[in-house]
Amino acid sequence: MGLISNYEEVFAVILFGIGFSNLLFNRNLLKKIIGFNIMDSGVYLFLASMGYIDGRMAPIITDGITDAEAYINPVPSGLVLTGIVVSVSVTAMMLALTIRLYRRYNTLNLDEIYMFASRETKK
Amino acid sequence: MARIRDNYERSAAYRAEKVIKGEAEPLDFLPEEDRTTEDKLTIEKTVKESESELSLSPETLTETVEFKLYSRIYKALSVVVCIIFITSLVITAIHLPSLGSDLNPANNEVPERYVEKGVEETGAINTVAGMILDYRAFDTFGESCVLFAAVICVLILLKESDLSAAEHSDRQNEPKNDGILKAAASILFPVIIIFGFYVILNGHLSAGGGFSGGAILGSGMILYLLAFGFEKAHKLFNYKTFAVTVCSAQIFYCIAKGFSFFTGANEIETHIPLGNPGDILSSGLILPLNICVGLVVAYTIYTFYVMFRRGGF
Amino acid sequence: MEILKFILLCLLVICAVSVSVTKNLLSSVIIFMSYSGIMALVWMLLLSPDLAITEAAVGAGISSILFFVTLKKLGLLSGGSNDGKNKR
Amino acid sequence: MMLWWQNLPFLSIFLMILSSIVSLSLSFKAARNICVISLGTVLTMSVITFCGVYVSKESFVYKMGHFPAPWGNEIRSGLLEPFLASIFAIIMLLAVLGGMKHIRNDIESKKLNLYFLTTDLLFASILALIYTNDIFTGYVFLEICTITTCGILMIRQIGRTTLAAVRYMIISLLGSGIFLIGITLMYDISGYLLMENMREGIAKAIETDGMTLPTVMSIVLVSLGLSIKCGLFPFHFWMSDTYGYATPSSSAILSGIVSKGYIILLLKIYYRVIGIETVAQSHIQDILFVFGLAGIIVGSVNAIRENDIFRMIAFSSAAQIGYIFVGFSLGTQAGFTAAVFQILSHAVTKPLLFISASMLSDASGGSKKFSDLMGSALRSKIAGIGFTAGALSMVGIPFLSGFVTKILIGTASFESPSKMMPILVVLAISTVLNAVYYLRTVVRIYHPRDLNKKEPKYSNDGYSSSVFSAVIVCFVALNLSIGFFSDFVTDIIRTGLSMLA
């Protein structure tokens with residue numbers, strides 16, 4: 001029952017899970033970053049679908065209708081807007097880190113980077 | 001774990017440099033006892049173990065049976081964890097209040113007031129803009145600080161003190177006098193900039209606002225840079241204008257919001273005119289704040305690009 | 001509308017899965033770009049035009065530019081493998 | 001009507017943000033002075049707020065904007081918040097001053113002002129985390145905290161700091177992702193973002209449906225996310241690299257303040273959003289209990305194995321975080337009091353250890369290995385004293401803060417019989433382990449390398465010993481005063497916690 005009526009949220013948590021596993025398990029740094037983005041957008045989808053109400057309008061007040069029954073919930077949209085900015089900032093920062101890391105170790109595979117790094121300290 | 005790692009590295013350390021430099025074949029130096037340690041490790045299957053083991057699964061082992069076994073176990077493990085995690089979240093999602101109905105707990109008096117009184121209290125027709133820049137402005141201020149922090153971190157990471165080396169490496173990236181690109185950019189650049197400003201200035205009237213408009217402006221600036229090269233772009237956008245713009249916009253944002261929070265908490269009337277809802281010049285502080293956010297975002301994004309590309313303006 | 005939304009959500013999942021299994025980094029970035037594009041459509045269907053315009057400008061635009069310039073900087077734009085090694 | 005001092009928490013947050021923005025276009029010295037001055041101002045403001053709340057005995061809310069409770073943002077202050085803020089401000093100030101020499105050496109001269117910029121912003125976010133009354137604001141400032149932490153980590157661009165920063169970021173992003181979906185679930189259940197209203201909403205949901213899966217899941221996710229971020233046991237492996245390679249001030253700030261900021265947010269969520277009774281029903285505490293105990297043991301064992309002084313202190317941090325979570329997991333007032341006391345005690349001790357260890361390693365030619373540190377305390381007396389005081393506090397010698405924590409956790413455990421035995425056993429084991437590695441280090445740094453040979457000479461140039469000695473003395477005094485006036489401090493914590501609910 002809930003699976004059908006809540007299918008958007010189900011999709012959202014699936015996306016979250018895929019992104020999460022990418023971030024946790026993928027060895028490639030760039031794909032980790034993409035995974036992080038997917039994870040976050042999963043949460044945003046979850047939030048936004050929570051604010052959606054059937055048969056209403058987008059929350060931009062036109063024609064002077066100020067009835068709360070006429071518009072969808074604007075709160076999740078605002079939160080998601082904030083969230084998107086956060087995730088793009090983090091993405092940019094992670095990419096900058098990636099560039100530096102690649103300059104030093106010439107690979108994106110974290111396993112190899114750890115190996116090189118641990119030998120570096122021994123030297 | 002640490003001791004095993006130490007042993008391992010001690011035995012292989014003297015060849016490490018060769019491998020890094022590509023002088024030695026990685027597979028040559030797989031000491032016998034390390035296989036056993038690696039073998040031992042693969043048996044321990046918990047998530048924690050595999051995480052801390054990362055430092056142990058080097059390129060030198062990628063061809064061995066043990067490594068393949070290990071990576072297969074790792075993959076299987078990741079799939080299992082992923083499935084468990086997703087399943088539990090899906091079950092949770094099924095149990096949530098059903099979507100799309102107006103009986104959700106989230107549809108309470110909060111959005112009601114945002115919609116019903118938003119226009120008269122904030123002057124913004126776009127309820128979302130009114131909400132993020134007036135009702136819940138502290139969050140949005142935090143958001144612009146996140147952006148600021150991110151651009152500072154990128155500067156810390158990638159800003160080169162000596163640009164000549166960076167310029168040399170950048171030569172490969174530079175498009176070489178591409179006529180089509182230039183012609184297209186000279187048409188597109190003004191259009192993009194105008195559209196960006198339109199989105200910013202109409203943030204309180206329609207969809208859009210400081211952030212999306214700023215992103216559009218930023219991409220316009222990047223296009224300008226790509227088409228006309230660094231020298232021309234530097235006349236318009238350089239580190240000095242970046243610092244001045246971002247600093248002053250952020251300071252204005254900080255002071256304006258600080259003023260409105262202070263007066264709000266102390267119940268002082270601000271006498272900021274809200275104007276006639278629907279006009280461009282309306283809705284009090286929202287319009288100037290949108291412009292500030294837009295400028296900050298545009299410059300931030302341009303800076304990201306420039307820093308990524310050659311580490312300096 | 002419901003059917004369209006359902007199809008788009010399925011596409012999102014497909015994109016997300018294929019990002020993680022694609023070997024080529026450039027293609028995974030491009031898939032991620034299309035993921036953001038689809039996301040913008042979904043926001044539109046969820047009646048959040050603010051999010052749609054932001055996602056289109058940021059996710060499909062800025063994020064992708066940043067990913068591409070990173071790939072270019074690393075010299076992986078022409079077919080980097082999953083390990084981030086140049087194919088020589 | 002607002003009283004004048006009730007504006008101070010808000011002003012302190014904004015002052016820090018403003019000074020960080022201004023620092024962008026300033027020189028190193030100006031940025032440093034602004035940082036120090038604004039930290040001092042925040043300290044004064046927090047102390048005044050603390051006195052105000054202490055006299056009036058009432059918590060207050062401060063609306064951020066013209067709109068009241070569920071519509072606008074709010075910050076809120078009881079007794080605990082300004083107390084923590086003032087202690088953190090002192091620690092921040094001392095950590096920045098004490099590591100100044102290293103900051104200058106470790107960081108490119110053109111980026112020095114950016115260091116202070118990030119520190120200011122970091123402290124602003126910590127203040128916001130302490131005072132916030134809105135859970136989404138908490139999330140946003142959590143992200144600022146993560147990003148700026150990463151900034152002060154990787155600003156030292158030698159060695160493995162970049163790799164350490166990447167590891168730290170990945171773990172933090174996992175944590176914030178989980179935290180975000182947790183608060184999303186909470187928002188879905190309750191329909192509010194403000195802590196008080198959220199609490200009512202969740203209580204209502206529990207009343208009608210009982211502890212349904214979403215409620216439990218949201219509690220689990222929020223706890224999991226925040227404990228990942230602050231480095232509870234299975235997720236502690238980033239700590240050694242992160243603390244070991246950063247510049248000493250950053251290590252001190254990170255271990256002393258940043259991880260505490262996350263824990264305080266978790267504490268606020270437990271107290272103000274979920275309610276400790278509900279938390280107890282959800283059995284998340286049993287999980288935290290197990291991981292906390294495991295963290296204490298594993299952290300100590302790892303610390304014993306290290307031969308690098310910074311990494312040893314880092315692993316001991318993992319153990320200390322374990323204590324905090326053990327305190328949380330008891331679920332009683334006494335348990336939480338012990339946990340908050342441990343937050344304070346760890347926050348004053350760890351930076352002391354990091355700063356004095358950095359000076360010890362300076363006195364040994366920059367090496368961090370124990371073999372080179374032999375006799376370093378004889379070469380740098382004040383650092384030796386500082387390190388010894390910190391180490392003794394960690395081991396749990398009476399009259400130092402660490403001792404009081406152990407007593408408090410021990411007594412708190414009597415209230416929950418099922419957890420008493422494991423806690424007492426682990427406390428005993430960990431005291432022994434702590435004694436092994438800390439006292440061993442103390443003995444080493446006081447033991448001359450070779451009595452027959454002449455001591456190698458190390459230059460101590462640029463060593464601003466007066467400032468540094470003052471910093472060490474302040475830290476030791478802070479530690480001693482928390483230990484001596486432990487009754488007063490626990491009273492404040494107890495009252496503060498009851499005001500929090």
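Chain naming here is simple, since letters A, B, ... match the order of the sequence lines and numbering starts at 1 in each.
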Closest contact, heavy atoms only, A:Asn26 versus C:Ser20: ND2-O, 3.9 Å
Chain A contact via C:Ile14 - which portion, at a heavy-atom distance below 4.5 Å: neither
Can you say whether A:Leu95 sits under 4.5 Å from chain C via the side chain, the backbone, both, or neither, judging by heavy atoms? both
Greatest number of heavy atom pairs closer than 4.5 Å to chain C - which of A:Asn37, A:Ile33, A:Val85, A:Leu29: A:Asn37
Chain A contact via C:Val19 - side chain, backbone, both or neither, heavy atoms under 4.5 Å: both
C:Leu46, C:Leu71, C:Ile62: which one forms the most heavy-atom pairs within less than 4.5 Å of chain A? C:Leu46
If we define contacts as heavy-atom pairs under 4.5 Å, which of C:Val17, C:Val29, C:Leu51, C:Val42 has the most with chain A? C:Leu51
Separation between OH (A:Tyr102) and OG1 (C:Thr70), nearest 0.5 Å, reads 12.5 Å
Is it the side chain or the backbone of A:Leu30 that comes within 4.5 Å of chain C heavy atoms, both, or neither? both
Measure across C:Val21 and A:Lys31 and return the closest heavy-atom pair with its distance rounded to 0.1 Å. C-NZ, 4.4 Å
Heavy-atom closest pair (A:Ile34 atom, C:Ser28 atom, distance to 0.1 Å) is CD1-O, 4.1 Å
Heavy-atom distances under 4.5 Å only: say whether C:Thr54 touches chain A with side chain, backbone, both or neither. side chain
Side chain, backbone, both or neither: which part of A:Ile38 has a non-hydrogen atom closer than 4.5 Å to chain C? both
Which region of A:Thr91, side chain (C-beta onward) or backbone (N, CA, C, O), has a non-hydrogen atom less than 4.5 Å from a non-hydrogen atom of chain C, or is it both or neither? side chain
Where on C:Cys10 is there a heavy atom nearer than 4.5 Å to chain A: the side chain, the backbone, both, or neither? both
Over 60° means perpendicular and under 30° means parallel, so classify the ring planes of A:Phe11 and C:Phe6, tilted if in between. perpendicular
So C:Lys5 and A:Tyr7, do their side chains get closer than 4.5 Å, heavy atoms only? yes
What part of A:Leu15 gets closer than 4.5 Å to chain C, counting heavy atoms only: side chain, backbone, both or neither? side chain
Considering all heavy atoms, the nearest C:Ser48-A:Ile72 contact: OG-CD1, 4.4 Å
dist C:Leu47:CG -> A:Asn73:CG (nearest 0.5 Å) comes out at 12.0 Å
Give, as side chain, backbone, both or neither, the part of C:Val58 having an atom under 4.5 angstrom from any heavy atom of chain A. side chain
To the nearest 0.5 Å, how far apart are CD in A:Glu8 and CD in C:Glu2? 6.5 Å
